[in-house]
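A quick write-up on the structure given underneath.
Only this structure's heavy atoms are used, side chains among them; waters, hydrogens and symmetry mates stay out. The chains referred to below are lettered A, B, ... by the order of the sequence lines, with proteins before strands, and numbering in each begins at 1.
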Amino acid sequence: MKRTKIAEILRTEPIDTEVVVKGWVKAFRNNQFIALNDGSCAANLQVVVDFENTDPALIDRLKYGAAIGARGQLIESQGKGQRVEVKAAELTIYGDCNPEEFPLQPKRQTLEFLREHAHLRFRTSTFAAVFRVRHALAFAIHKFFHERGFYYMHTPIITGSDAEGAGEMFSVTTLPLNKVPMDENGAVDFSQDFFERATNLTVSGQLEAELGALALGEVYTFGPTFRAENSNTTRHLAEFWMIEPEIAFADLHDNMDLAEAMLQYVTNFALEHCKDDLAILEERLLNEEKTKPQHERSEMSLTEKLRFVVENNFERLTYTEAIDILKNSNPNKKGKFQYPIEGWGADLQSEHERYLVEKHFKKPVILTNYPAAIKAFYMRLDDPKEGVPGPTVSAMDILFPGIGEIVGGSQREERYEVLRKKMQEMDIPETELYWYLDTRKFGSCPHAGFGLGFERLVQFVTGMNNIRDVIAFPRFPGNAEF
RNA sequence: GCCUCAUUAGCUCAGUUGGUUAGAGCGGCGGACUGUUAAUCCGUAGGUCCAAGGUUCAAGUCCUUGAUGAGGCGCCA
């Protein structure tokens with residue numbers, strides 16, 4: 001007989017039919033009640049064992065974590081706490097689970113402990129919920145773009161360009177590391193390498209996505225990204241997933257509208273499709289915050305926060321306006337900022353971003369038109385504007401409470417000469433990026449795009465504080481286990 | 001990379017001013033109970049106090065160095 005997933009049984013409740021369920025034992029109570037979970041949903045199904053007519057040796061193997069199957073009638077539950085249960089006629093043990101050796105215990109475990117047992121942490125209700133929500137968000141992203149006529153574009157993982165300027169890169173090579181061939185100048189002779197040139201893992205698919213957008217109109221990438229930065233924070237990974245839409249015939253405002261609509265769409269998708277999982281995560285967050293002092297606790301519950309983002313427009317303001325607000329803010333006047341706001345031109349520190357998002361506006365914020373000097377070469381130079389002390393670019397960063405920067409994007413510099421000049425100023429070799437410049441030479445048009453850190457989105461929606469807890473096997477400095 | 005804090009039983013933690021035999025809860029194991037819901041009740045085993053060195057009559061406790069973990073900052077998504 002074919003097994004039925006527990007999600008299906010709980011949805012359709014086929015009372016008085018025989019079912020086969022298979023899953024892992026989450027609890028075995030009173031010598032007769034198995035809480036069975038098969039990962040298809042957050043809820044467990046209760047399997048009732050007739051302990052008086054079942055082999056005691058078999059009952060003895062119904063340990064926490066064991067993989068089992070049960071065949072029997074689905075009946076209305078004879079007890080409280082659940083609507084239906086399976087009256088087991090036959091039990092099968094697929095995989096025993098020795099409780100003396102199994103690292104997980106049927107009790108609360110710290111996230112730090114589970115992080116060190118990442119191969120088993122899917123078995124916990126928290127991580128099962130996180131990864132189901134992660135799936136839902138990934139699916140929602142594809143759905144959102146597909147519905148809007150975007151094409152999903154696969155940009156290369158291995159890149160020959162080291163001029164993308166988005167951070168330190170991981171080298172890709174088949175050269176023998178114990179005997180690297182050198183050329184006559186004493187430099188590594190990459191002509192002997194697999195690709196006959198130096199190659200790296202991608203730090204962004206943006207430049208390639210732009211090429212696609214300038215023919216297909218609207219495209220997006222959704223793939224892994226690698227940064228060899230020595231970053232040790234709760235919001236950085238060496239390997240993470242990024243969504244990078246790129247839209248032709250669009251300016252910064254179209255870009256902001258797209259990003260905001262997308263974040264609201266996928267958040268709403270999770271609210272609608274992951275109710276049980278979000279309930280588990282909300283409860284977890286609530287318990288975690290109980291250990292914090294009152295003033296550090298959030299004013300809203302997890303789902304309230306998500307609903308707030310879906311129902312309210314993001315606050316849009318320019319960098320110049322933000323500097324004004326920060327300069328006149330209480331923490332700046334009272335010297336509370338570690339980095340006081342001196343004036344126009346400096347990059348904002350995370351304490352400043354947090355002040356704007358969490359204290360001043362209390363909602364997601366889109367900051368735009370940053371000084372050109374602190375942003376990437378490909379961002380479009382703005383026309384000079386009265387009251388703005390220096391040149392700016394059509395950049396935008398979306399800041400989320402608790403997460404910080406979740407989106408970074410811009411309108412792209414589409415003017416050939418302006419882009420070339422900018423590249424020269426920033427020491428970006430034209431020969432490396434001739435193909436990028438070509439798009440500005442042949443049928444260039446205004447276009448824009450952004451990068452969304454997928455794990456940061458998952459962090460926001462699940463309420464998990466550490467980015468290492470929203471990806472199955474996190475990669476970070478000193479760690480590539482599993 | 002920088003700063004701060006932590007490391008004691010399988011897990012989460014307590015351990016007073018440096019003082020005799022290092023404790024608790026949960027989990028495990030054994031038993032009881034049998035419509036339970038983190039089941040409950042009784043009993044029981046379980047320790048390289050992160051590592052190395054030092055101070056001291058005496059170190060889980062103080063000092064030095066290192067390892068690992070966590071948080072903050074920087075880099076960013």
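Interface remark: the S231(A) side chain does form a donor-acceptor pair with the C75(B) base, using a distance-only criterion of under 3.5 Å. One N or O donor and one acceptor, one from the side chain of Q105(A) and one from the base of G10(B), sit under 3.5 Å apart. Judged by atom type and distance alone, Q82(A) reaches the base of U36(B) through a side-chain donor-acceptor pair under 3.5 Å. With hydrogens and angles ignored, a donor-acceptor pair under 3.5 angstrom links the side chain of R456(A) to the base of C76(B). Looking at Q109(A), its side chain has no donor and acceptor atom pair within 3.5 Å of the base of U12(B). Interface remark: the E112(A) side chain does not form any donor-acceptor pair with the G71(B) base, using a distance-only criterion of under 3.5 Å.
Residue-level contact check: E116(A) touches the backbone only, with heavy atoms under 4.0 Å from sugar-phosphate atoms and none from bases. Here T234(A) lies in heavy-atom contact (under 4.0 Å) with sugar-phosphate atoms only. Among the protein residues, F460(A) comes within range of no part of the nucleic acid, since none of its heavy atoms lies under 4.0 Å from any strand. Counting any heavy atom pair closer than 4.0 Å across all strands shown, E85(A) reaches a base atom. S77(A) comes within 4.0 angstrom of a base, heavy atoms only. Nucleic acid contact class of A35(A) (heavy atoms, under 4.0 Å, all strands): none. Nucleic acid contact class of L237(A) (heavy atoms, under 4.0 Å, all strands): base.
Relative ring orientation between F150(A) and F145(A) is described as tilted, the plane-to-plane angle lying within the 30° to 60° band. Under the 30°/60° scheme for interplanar angles, the aromatic rings of F473(A) and F482(A) are found to be tilted.
The phosphate of U34(B) (OP1 or OP2) has no side-chain N or O of N30(A) nearer than 4.0 angstrom. Listed pair R468(A) / G71(B) fails the phosphate criterion, with no side-chain N or O lying under 4.0 Å from OP1 or OP2. The side chain of R29(A) places no N or O atom within less than 4.0 Å of a non-bridging phosphate oxygen (OP1 or OP2) of U36(B). Listed pair K63(A) / C29(B) meets the phosphate criterion, a side-chain N or O lying under 4.0 Å from OP1 or OP2. Taking side-chain N and O atoms only, N232(A) has no distance below 4.0 Å to OP1 or OP2 of G1(B). Between R354(A) and C73(B), a side-chain N or O to OP1/OP2 separation shorter than 4.0 Å is present. Between C73(B) and Q349(A), no contact under 4.0 Å exists linking OP1 or OP2 to a side-chain N or O.
Distance, I467(A) CD1 to G72(B) P: 12 Å, rounded to whole Å. Summarising the geometry, the separation between CD on E100(A) and P on G46(B) is reported as 13 Å, rounded to the nearest angstrom. In this structure, CD of E52(A) is placed 9 Å from P of U34(B), rounded to the nearest angstrom. Nucleotide C76(B) holds its P atom 11 Å from the OH atom of Y370(A), rounded to whole Å. The CG-C1' distance, from N230(A) to G72(B), rounds to 15 Å in whole Å. One interatomic measurement links the two molecules: CD1 of I471(A) to C1' of A77(B), which rounds to 12 Å at whole-angstrom precision.
Using a 4.5 Å heavy-atom threshold, the side chains of L317(A) and F361(A) count as touching. Two residues are said to be in side-chain contact when any heavy atoms from C-beta on lie closer than 4.5 Å; M256(A) and T368(A) meet this criterion.
Mapped onto RNA chain B by nearest heavy atom, F51(A) and E405(A) fall at different nucleotides, with F51(A) at the one closer to the 5' end. Comparing D397(A) and S350(A), the nucleotide of RNA chain B nearest to each residue sits closer to the 5' end for S350(A).
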Exercise for the section: Output, in order, the C-alpha distance, side-chain angles, deciding distance and verdict of ring-ring contact (aromatic ring centres under 6.0 Å, His included) for H135(A) and F131(A). Expected result: CA-CA 6 Å; H135(A) 160 80; F131(A) 289 108; over 10 Å; no
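Within the cation-pi definition used here (under 6.0 Å to the ring centroid, within 45° of the axis), K375(A) qualifies as a partner of Y370(A). In this structure, R468(A) forms a cation-pi arrangement with F476(A), its terminal cationic atom sitting closer than 6.0 Å to the ring centre and no more than 45° off the ring axis.
Distance from the side chain of N31(A) is smallest for U34(B) among the nucleotides A70(B), U34(B), C75(B). Picking from G35(B), C76(B), G27(B) the nucleotide with the shortest atom distance to the side chain of H236(A) gives C76(B).
A 3.5 Å limit on both hydrogen-bonding distances identifies A52(B) as the Watson-Crick or G-U partner of U64(B). A 3.5 Å limit on both hydrogen-bonding distances identifies no Watson-Crick or G-U partner for A45(B). Nucleotide A39(B) is matched to nothing when pairs are restricted to Watson-Crick or G-U wobble geometry with both distances under 3.5 angstrom. Pair assignment for C5(B): G69(B), on the basis of Watson-Crick or G-U wobble contacts that are both within less than 3.5 Å. For G10(B), the paired nucleotide is C26(B), the pair qualifying as Watson-Crick or G-U wobble because both relevant distances are below 3.5 Å.
In this structure, a donor-acceptor pair under 3.5 Å is absent between the side chains of Y220(A) and E246(A).
G47(B) and C11(B) have their P atoms separated by 13 Å, given to the nearest Å.
For the pair F240(A) and A77(B), the ring geometry qualifies as stacking, because the centroid separation is below 5.5 Å while the planes lie within an angle under 30°.
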